[in-house]
Number of protein chains: 2
Amino acid sequence: MSIVSPTAGFPSTYSVVTFNAGAEIYAPGDKAGTFYQVEFGAVRVHRLLSDGRRQVIAFHLAGETFGFEADRTHSFFAEAITQTGLRAISRPANGEASPELLTLALRGMLRAHEHIMMIGRQTAVERISGFLVDMADRQGGIEYFDLPMSRLDIADYLGLTIETVSRVFAKLRSAGLIKLRSIRCVELKKLETLRSLCA
Amino acid sequence: MSIVSPTAGFPSTYSVVTFNAGAEIYAPGDKAGTFYQVEFGAVRVHRLLSDGRRQVIAFHLAGETFGFEADRTHSFFAEAITQTGLRAISRPANGEASPELLTLALRGMLRAHEHIMMIGRQTAVERISGFLVDMADRQGGIEYFDLPMSRLDIADYLGLTIETVSRVFAKLRSAGLIKLRSIRCVELKKLETLRSLCA
DNA sequence: CGCAAAATTGACTGTTATCAAACTTAGTGG
DNA sequence: CCACTAAGTTTGATAACAGTCAATTTTGCG
């Protein structure tokens, strides 16, 4: 893998585990204390409200890390979206805090804050544009890529419905801003225009 | 102050500074690296979109800490809402990461995730109920308290408009769930019912 | 008391959700 | 290879929640 590991310097040992599409990585109440780096595939972290409404908190792509918790137990679900390989890195039990782990936690917090900006004050078109640009940026600024997640996953990440996501995709496509090479493969035809839509 | 300091154990020196209502604590682009504990008063952290829409990321009350950043510079505004006293604690420059700071960062991340749940998938009534219950819990589970922030601040925190906030307050009041002792002082008359509304 | 800012209330609008149906796609077995 | 199926996606018609615009009331402060 060409991505430089942000976990370089961790003294902990780690093992690699593969998960099938849809497989659960952890669930609310599970013991926390291990965190994960995505080697390949993609992960979805989410939680359900009592009546079944779902909010996806984050997607994690190859090279990214997740699974830190403030408490001893997890409060979200983590699932593999596609077949996914994870390095499990156990947090030192002695309470020692490495600067790397702190940096990862702070980056996670910044990411969460950007997410709040997106769903708190942006329209459906702005959210979808922002999501697509973010996906491209996180994969090195490529102009086309496969979305590992379904429209429902995207809707639950952006606080929209599946129908609205579909309609906005159609709108961006007919405006010539994106092209759907296939249902899951998006090409950003006018990246700068898309960026300007993110408000 | 009766609140146990979560920063106990930090070797750093600190100073205390007072800010008037509305005063800026930091702004986007300002050098980061210092974090703050609220001694008295309340703080609002927010960001503006290009067209003036505002999202409040967090409120911080007495005893709470904020100001950590992943980058060298801040990406949000922090302002005192009322007259506020802050202990400024400089992050050790040698890159050392104390377990306490990591814990604070992880708690901040959890708080951000709860916020995403709230604005991503909940209705106006659920958001306001959740907000009021959270405010009570953070002040030790008291049944009445003063809101330091305006309706506009609350609206921008919850991703609503000031009119919607006002209408939901009226609705909760006429349902007997809350009482407005004054415009800024809320009494939670039926805390458990309010909790059940948070979904 | 008088003024400006904040909050409330009302009428109406609009974006997004909901409900429903049709269409695609990928996978399975004849 | 081609139906057949089921899941996922798209599209359409309608509804609802929250937003916008506007006017009024309340509050806090000089």
Side-chain angles (χ1 to χ4, degrees), chain A residues 20-22 44 49 51-56 81-83 118-132 146-175 178-186 197 199, chain B residues 20-22 44 49 51-56 81-83 118-132 146-175 178-186 197 199:
Chain A
N20 287 324
R44 150 184 83 220
L49 296 180
D51 62 355
R53 279 173 288 174
R54 188 180 74 150
Q55 176 66 48
V56 172
I81 299 176
T82 56
Q83 179 150 307
M118 182 126 107
I119 64 181
R121 281 285 175 236
Q122 294 186 212
T123 65
V125 170
E126 290 168 340
R127 295 183 210 190
I128 300 278
S129 303
F131 172 73
L132 292 175
D146 278 299
L147 293 168
M149 68 291 284
S150 69
R151 299 290 190 266
L152 183 57
D153 287 332
I154 297 172
D156 287 345
Y157 177 72
L158 298 176
L160 300 169
T161 60
I162 185 174
E163 293 94 334
T164 299
V165 172
S166 192
R167 275 185 252 268
V168 173
F169 269 74
K171 196 171 182 177
L172 295 177
R173 185 171 48 69
S174 69
I178 65 172
K179 182 178 174 184
L180 292 171
R181 293 188 173 195
S182 76
I183 209 137
R184 293 284 185 102
C185 182
V186 189
L197 286 180
Chain B
N20 287 324
R44 149 185 83 220
L49 295 180
D51 63 355
R53 279 174 287 175
R54 187 180 74 149
Q55 177 65 48
V56 172
I81 299 175
T82 57
Q83 179 149 307
M118 181 128 107
I119 64 182
R121 281 285 175 237
Q122 292 186 214
T123 64
V125 170
E126 290 167 340
R127 295 183 211 191
I128 299 280
S129 303
F131 172 73
L132 292 174
D146 278 300
L147 293 168
M149 68 291 285
S150 69
R151 299 290 189 265
L152 183 57
D153 287 333
I154 298 173
D156 286 345
Y157 177 72
L158 297 176
L160 300 169
T161 60
I162 185 174
E163 293 94 334
T164 298
V165 171
S166 193
R167 275 185 253 269
V168 173
F169 269 74
K171 196 170 182 177
L172 295 177
R173 185 172 48 68
S174 68
I178 66 172
K179 182 179 174 183
L180 293 171
R181 294 187 173 196
S182 77
I183 210 138
R184 292 283 184 102
C185 181
V186 190
L197 287 179

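Below, chains carry the letters A, B, ... as their sequence lines are ordered, and counting in each starts from 1.
Residue A/F169 is the one, among A/F169 and A/R121, whose nearest nucleotide of DNA chain D lies closer to the 5' end (criterion: closest heavy atom). Nearest-nucleotide positions on DNA chain C for A/S182 and B/V165 put B/V165 closer to the 5' end.
Out of C/dA7, D/dA13, C/dT25, the shortest distance to the side chain of B/S150 is found at C/dA7. The side chain of A/R151 sits closest to D/dT10 out of C/dT16, D/dT10, C/dT8. The side chain of A/R167 lies closest to D/dA13, out of D/dG19, D/dA13, C/dT16. Among the nucleotides C/dA17, D/dT10, C/dA7, the one closest to any side-chain atom of A/T164 is C/dA17.
In this entry the distance linking CD1 of B/I162 with C1' of D/dG19 reads 13 Å, nearest Å. Atom CG in B/L158 sits about 13 Å away from atom C1' in D/dA18, given to the nearest Å. Distance, B/E163 CD to D/dC17 P: 18 Å, rounded to whole Å. Here the C1' atom of nucleotide C/dA7 and the CD1 atom of B/I183 are 5 Å apart, to the nearest Å. Per the geometry, CG belonging to A/L147 stands 14 Å off C1' belonging to D/dG8, to the nearest Å. In this structure, A/M149 atom CE and D/dG8 atom P are separated by 15 Å, rounded to whole Å. In this structure, B/L152 places its CG atom 20 Å from P of C/dA4, rounding to the nearest Å. The separation between B/I128 atom CD1 and D/dC17 atom C1' is 14 Å, rounded to whole Å.
For C/dA7, one of the phosphate oxygens OP1 or OP2 lies less than 4.0 angstrom from a side-chain nitrogen or oxygen of B/R184.
Nearest heavy atom pair, residue B/D146 against residue B/C185, reads OD1-CB, 3.3 Å. Residues A/I154 and A/M149 share a closest heavy-atom pair of CG1-CG, 3.6 Å. Residues B/D153 and B/V56 approach most closely at O-CG2, 3.9 Å, considering heavy atoms.
At least one donor-acceptor pair closer than 3.5 Å links the side chain of A/R127 to the backbone N or O of A/Q122.
Note on the helix from C/dC1-D/dG30 to C/dG30-D/dC1: angle between the axes of the first and last five pairs equals 40°, rounded to 10 degrees.
Among the candidates A/L160, A/I162, A/T164, the single residue satisfying the side-chain contact (heavy atoms from CB on, under 4.5 Å) test with A/R151 is A/I162.
Within the 4.5 Å cutoff, side-chain heavy atoms of A/L152 are placed close to those of A/R54.
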Candidate pair A/R121 and B/D156, rule salt bridge (charged side-chain N to carboxylate O under 4.0 Å, His left out), full reasoning: CA-CA 8 Å; A/R121 281 285 175 236; B/D156 286 345; 2.8 Å; yes
